Amino acid sequence: MNIFRFLGDMSHILSFLLLLHKIVGGKSAAGISLRTAEMYAIVFCTRYIDLLWNFASLYNYLLKLLFIGASLTIVYFMRYGPSQKATYNADEDAFPVQYLIAPCAVLGVLINQDHSSPFEMVWAFSIYLEAVAILPQLFLLQKQGEVENLTSHYVFALGAYRALYLLNWMFRFMTEPDYQQRIVWLSGLVQTALYCDFFYHYYQSKKGGLNKSVKLP
Amino acid sequence: EVALHAHDEL
């Protein structure tokens with residue numbers, strides 16, 4: 001464990017707290033993509049299936065449970081919460097996720113760390129899917145042009161978590177002999193690159209004060 | 001080999 005990975009996990013938890021605060025606390029799903037939320041639920045339910053047999057670290061075990069629980073809670077409220085459904089904009093949240101899920105599934109089967117293990121295929125699928133899971137959310141924000149304050153912090157924290165993981169991988173590459181994780185490195189790079197445009201607008205809007213809304217062209 | 005790819009991260 002290093003500081004980058006720890007901060008990354010904390011940023012990830014923060015993104016969940018912000019989203020839960022908005023959806024469950026604020027009873028509003030305005031500007032939030034259900035498609036992204038559902039893809040994240042798939043990402044965690046597939047990647048953390050090793051909860052059933054891998055007890056290597058209590059820290060990981062607890063956070064895996066937290067991430068699965070939080071992502072399923074968010075999907076549940078967005079699908080069945082009366083006020084959340086009323087504020088969710090289904091026709092704007094229209095990114096064709098089948099064009100993301102299918103290629104990731106094919107890639108997961110073809111490119112993974114152990115072709116004899118079904119779990120490795122599922123695990124690789126989950127890594128690839130997480131890299132693109134934010135697209136429907138960014139697509140929705142682009143369409144709406146203006147990003148509500150809480151939503152902008154949620155997206156920022158979610159983007160920051162994987163950016164911090166990139167630093168974590170660099171640190172581990174430099175300090176641990178023959179450590180290599182090309183699959184997560186490349187996927188994490190793609191995932192973080194997708195946020196660059198948002199990060200730029202987030203920074204532009206927040207440097208004038210934290211509670212300014214983010215404007216996307 | 002396992003050490004290379006141990007899934008020790010979230």
Side-chain angles (χ1 to χ4, degrees), chain A residues 1-2 4-6 8-13 16 43-44 46-51 53-57 59-68 112-117 119-120 122-124 126-127 130 161-162 164-166 168-169 171-173 176-185 188, chain B:
Chain A
M1 172 62 83
N2 59 64
F4 302 111
R5 185 173 145 215
F6 180 70
D9 291 338
M10 292 308 114
S11 180
H12 200 182
I13 292 175
F16 272 119
V43 164
F44 295 132
T46 48
R47 190 182 314 168
Y48 299 153
I49 200 151
D50 65 341
L51 275 172
W53 66 80
N54 176 357
F55 307 99
S57 110
Y59 172 86
N60 280 358
Y61 199 84
L62 292 178
L63 259 61
K64 288 176 180 178
L65 288 176
L66 177 72
F67 292 166
I68 287 176
N112 55 63
Q113 292 177 161
D114 175 354
H115 290 81
S116 63
S117 146
F119 171 61
E120 286 300 331
V122 163
W123 184 84
S126 151
I127 292 290
E130 186 187 0
Y161 125 75
R162 214 60 177 170
L164 286 162
Y165 257 70
L166 289 177
N168 151 60
W169 293 322
F171 181 83
R172 293 191 70 178
F173 183 73
E176 293 175 30
D178 62 35
Y179 168 78
Q180 64 84 18
Q181 285 268 18
R182 276 191 287 272
I183 287 182
V184 285
W185 293 346
Chain B
E1 185 56 18
V2 173
L4 280 183
H5 304 314
H7 299 314
D8 61 352
E9 294 181 342
L10 287 171

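Fair warning: this is a prediction, and the values are worked out from it, not measured in the lab. By convention in this document, chain letters (A, B, ...) are assigned in the order of the sequence lines, proteins followed by strands, and residues within each chain are numbered from 1.
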Discussion item. Suppose we call two aromatic rings close when their centres sit under 6.0 Å apart. Are Phe119(A) and His7(B) close by that rule?
Written reply: yes
Discussion item. Please classify the contact between Arg182(A) and chain B as side chain, backbone, both or neither, with a heavy-atom cut-off of under 4.5 Å.
Written reply: neither
Discussion item. With a 4.5 angstrom heavy-atom cut-off, is it the side chain or the backbone of Phe44(A) that approaches chain B, or both, or neither?
Written reply: neither
Fill in: Met1(A) side chain near Glu9(B) side chain, heavy-atom distance below 4.5 Å
no
Item to complete: Side chain from CB out, backbone as N, CA, C, O: work out which of these in Asn54(A) comes under 4.5 Å of a heavy atom of chain B, or both, or neither.
Response: side chain
Discussion item. Taking the basic N atoms (NZ, or NE/NH1/NH2) and the acidic carboxylate oxygens, is any pair closer than 4.0 Å for Arg5(A) and Asp8(B)?
Written reply: no
Discussion item. Does Tyr59(A), at its OH atom, have more than 12 non-hydrogen atoms belonging to other residues, nucleotides or ligands within less than 6.0 Å?
Written reply: yes
Fill in: chain B contact via Asp9(A) - which portion, at a heavy-atom distance below 4.5 Å
side chain
Item to complete: Just jot down the side-chain hydrogen bond (donor to acceptor under 3.5 Å, both in side chains) partners of Arg47(A), sequence neighbours excluded, or say none.
Response: Ser126(A), Glu130(A)
Worksheet item: Is there side-chain contact between Lys64(A) and Leu10(B), with heavy atoms separated by less than 4.5 Å?
Response: yes
